[in-house]
Amino acid sequence: MTHTPDSAESAPVSFRGEVTVELVKHSAADSDVLWAARVSTAGEQSLEELQKDPERSKGLINFLMRDRHGSPFEHNSMTFFISAPIFVFREFMRHRVGWSYNEESGRYRQLEPVFYVPGASRKLVQQGRPGKYEFVEGTPAQHELTSRAMEDSYRQAYAAYQEMLAAGVAREVARAVLPVGLYSSMYATCNARSLMHFLGLRTQHEQAKVPSFPQREIEMVGEQMEAHWARLMPLTYAAFNANGRIAP
């Protein structure tokens, strides 16, 4: 997203129903896990030595995952650029161990008028009691109401924000009128172990031993992060799934 930090002028209010996740940089491979695990018994080894026996490597990673020897999965790094509604980031930042975050600031730049409106596939109706509920499809009328109410509210809020900026009110004060449906962006850096903890809680999966009930919007972020990680560390990813998607 582009920003105009010193002007109250802005693009028209726009609406999105998706999230963006980009893998910005990484130092992450299955060999990182093998290198860290084998140093305790074999000392320092070269990459060529680590790759000599693929089946042994696969078995070691599965053993580490199954018996929850977690520290070898920490010797790697992935940095993601994420664009999502603010309410997603408020949930995201409950994950603190093994994560680093830097989010765009509404104190130092004018925030763009991009807001979240659920797409047609987003289930709107919650049924059941807390801890044991499900979401079901909304009616066309409910979808129409949701879109209209959100868009009207967003437009009113952003108009108030622009009015205050034009009157000379500081950005850090004016931003208080903006809702959590506003899109923000951040860099998030993690290792495979911390990402597995995140995925175990923030995604639903048929292979998960422990059921999870994430909000759909943060699950959308998790699914994209998972797809990137699966390509980088296929043996570790396979072991994660084979052992019930429980982080070591």
Look only at the side chain of [X] and the backbone of [Y], and say whether a donor-acceptor pair between them is shorter than 3.5 Å.
X    : Y    : value
E22  : F81  : no
Y154 : Y116 : yes
Q224 : V19  : yes

Side-chain donor-acceptor pair present, [X], [Y], cut-off under 3.5 Å:
X    : Y    : answer
E226 : Y237 : yes
N191 : S77  : no
Q204 : S212 : no
T189 : T79  : yes

- Give, for atom CG of L199 and atom NE2 of H95, the distance between the pair rounded to the nearest 0.5 Å.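 One finds 9.0 Å between CG of L199 and NE2 of H95.
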- Message: Please report the interatomic distance CZ(R66) to CG(N243), rounded to the nearest 0.5 Å.
- Response: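 Those atoms lie 7.5 Å apart.
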- Task: Only counting residues at least two apart or in another chain, list the ones meeting ring-ring contact (aromatic ring centres under 6.0 Å, His included) with F92.
- Result: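 Partners of F92 under the ring-ring contact (aromatic ring centres under 6.0 Å, His included) test: W99, Y101, F198.
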- Task: Sorted by first residue and then second, give each salt bridge (charged side-chain N to carboxylate O under 4.0 Å, His left out) pair with at least one member in residues 206-221; sequence neighbours left out.
- Result: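 Passing the test, one end in residues 206-221: R122-E217, R216-E219, R216-E223.
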- Item | side chain to side chain contact (heavy atoms under 4.5 Å, CB included) partners of E18, counting only residues at least two apart |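 Checked E18 against side chain to side chain contact (heavy atoms under 4.5 Å, CB included); matches are R16.
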